[in-house]
Amino acid sequence: MGISLKNLPHRYPFLMVDKIVEEDGAMIGIKNVTVNEWWFASKTEGDYAMPNIMILETMAQVAGLLTFVDEAEATSEKAVLLVEVRKFEFKHKVFAGDTIKVSTSTLWCREQTASVHVRALVEGNVVAEGQLIIKNNAGGKNNESGN
Amino acid sequence: MNQETRTRIKNMIVERLNLDMEPSDIVDDEPLFGEGLGLDSVDALEVIVGLELEFGIKIPSGQNKRFASIATLDEFVTELMETA
């Protein structure tokens, strides 16, 4: 089952995932950070550390792509919203030239809302890790549980 | 009233929601949502999943009023366990 980046509504310059690949039997998201990223334009020359908020955005987009996936949804556009960030920690900086690999694990999914553990690695080292609450709002429907 | 059930519910809520308080600090009749403990709708889903795992029950949707407090949850969980 292929997962296309077109399943996300995000487009350049805010599409923060380069591709989804299979690694060790699991689907992961890849983001290659280059010195040409738009957020580096306003930075002091030579300071090519990726802003943490963009690392988080990358991880949220991967979670959106890899969660709520079934045969029917694999080819349809989703509108996954980031609802909340919990127990999240940035452990190391990410620099231009790094390749971020994002893996996800769904902790629970109910009422079109999911709690997802996300982990970002660069060269095998964890750079950020935590729990995201995301909501599948495909079709613009209000899926509020009310509980 | 089942004190053991209430203690298990409080422990689960504090652990899963990472609350900065002791489980024993939660008052049985205190509202869980809004004013009171201040939980929100996402917390509610976390509590539902936590209750299902903790007690091996399946919680049907549309039971908002049963989540008012620890006391009402205790009653609800006990009912579900008896009918399971």
Side-chain angles (χ1 to χ4, degrees), chain A residues 52-53 56-57 59-70 73 78-91 103-120 126 128-147, chain B residues 8-23 26 29-80 84:
Chain A
N52 283 346
I53 191 66
L56 175 60
E57 177 64 27
M59 298 166 79
Q61 290 187 15
V62 173
L65 279 165
L66 298 182
T67 314
F68 309 115
V69 173
D70 59 26
E73 287 186 340
K78 294 189 279 188
V80 180
L81 308 175
L82 175 59
V83 177
E84 200 170 308
V85 179
R86 291 183 167 175
K87 304 174 187 172
F88 201 94
E89 188 178 359
F90 296 101
K91 298 174 184 287
S103 60
T104 69
S105 171
T106 302
L107 302 174
W108 53 260
C109 183
R110 189 172 176 118
E111 311 265 350
Q112 293 296 306
T113 303
S115 175
V116 184
H117 181 263
V118 289
R119 176 182 289 148
V126 178
E129 187 170 21
Q131 182 183 345
L132 305 180
I133 307 294
I134 58 176
K135 183 177 180 67
N136 186 10
N137 204 39
K141 289 181 291 188
N142 183 359
N143 295 314
E144 190 63 48
S145 72
N147 272 325
Chain B
R8 286 172 68 186
I9 294 172
K10 290 177 185 178
N11 289 341
M12 180 276 294
I13 288 176
V14 169
E15 183 182 347
R16 290 191 72 95
L17 299 181
N18 205 25
L19 300 181
D20 187 21
M21 64 190 305
E22 292 297 321
I26 303 177
D29 294 318
E30 181 181 39
L32 293 176
F33 299 91
E35 291 185 23
L37 205 57
L39 306 188
D40 58 28
S41 59
V42 174
D43 295 327
L45 293 174
E46 189 84 49
V47 170
I48 290 172
V49 173
L51 289 173
E52 291 185 339
L53 292 173
E54 177 72 24
F55 295 98
I57 54 178
K58 183 70 180 169
I59 295 180
S61 58
Q63 302 291 326
N64 304 12
K65 291 180 180 175
R66 312 304 296 270
F67 287 74
S69 67
I70 294 295
T72 60
L73 267 183
D74 166 28
E75 192 178 70
F76 186 36
V77 167
T78 302
E79 281 177 24
L80 291 172

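All values below come from the heavy atoms of this structure, side chains included, with hydrogens, waters and symmetry mates left out. Lettering follows sequence order; numbering is per chain, from 1.
- Evaluation of the side chain to side chain contact (heavy atoms under 4.5 Å, CB included) rule for B/V47 yields B/M12, B/I13, B/L17, B/L39, B/L51, B/F67, B/L73 as partners, not counting sequence neighbours.
- Taking B/E79 as the reference, B/R66, B/E75 meet the side chain to side chain contact (heavy atoms under 4.5 Å, CB included) condition, with sequence neighbours excluded.
- Taking 4.5 Å as the limit, every side-chain heavy atom of B/N18 sits out of range of all side-chain heavy atoms of A/R86.
- Side chains of A/E84 and B/E46 form no contact here, defined as non-hydrogen atoms less than 4.5 Å apart.
- Contact record, B/L45 with A/W108: CB-CH2, 3.5 Å, taken as the closest heavy-atom pair.
- Nearest heavy-atom pair, B/S61 versus A/E111, reported as atom, atom and distance to 0.1 Å: CB-OE2, 3.7 Å.
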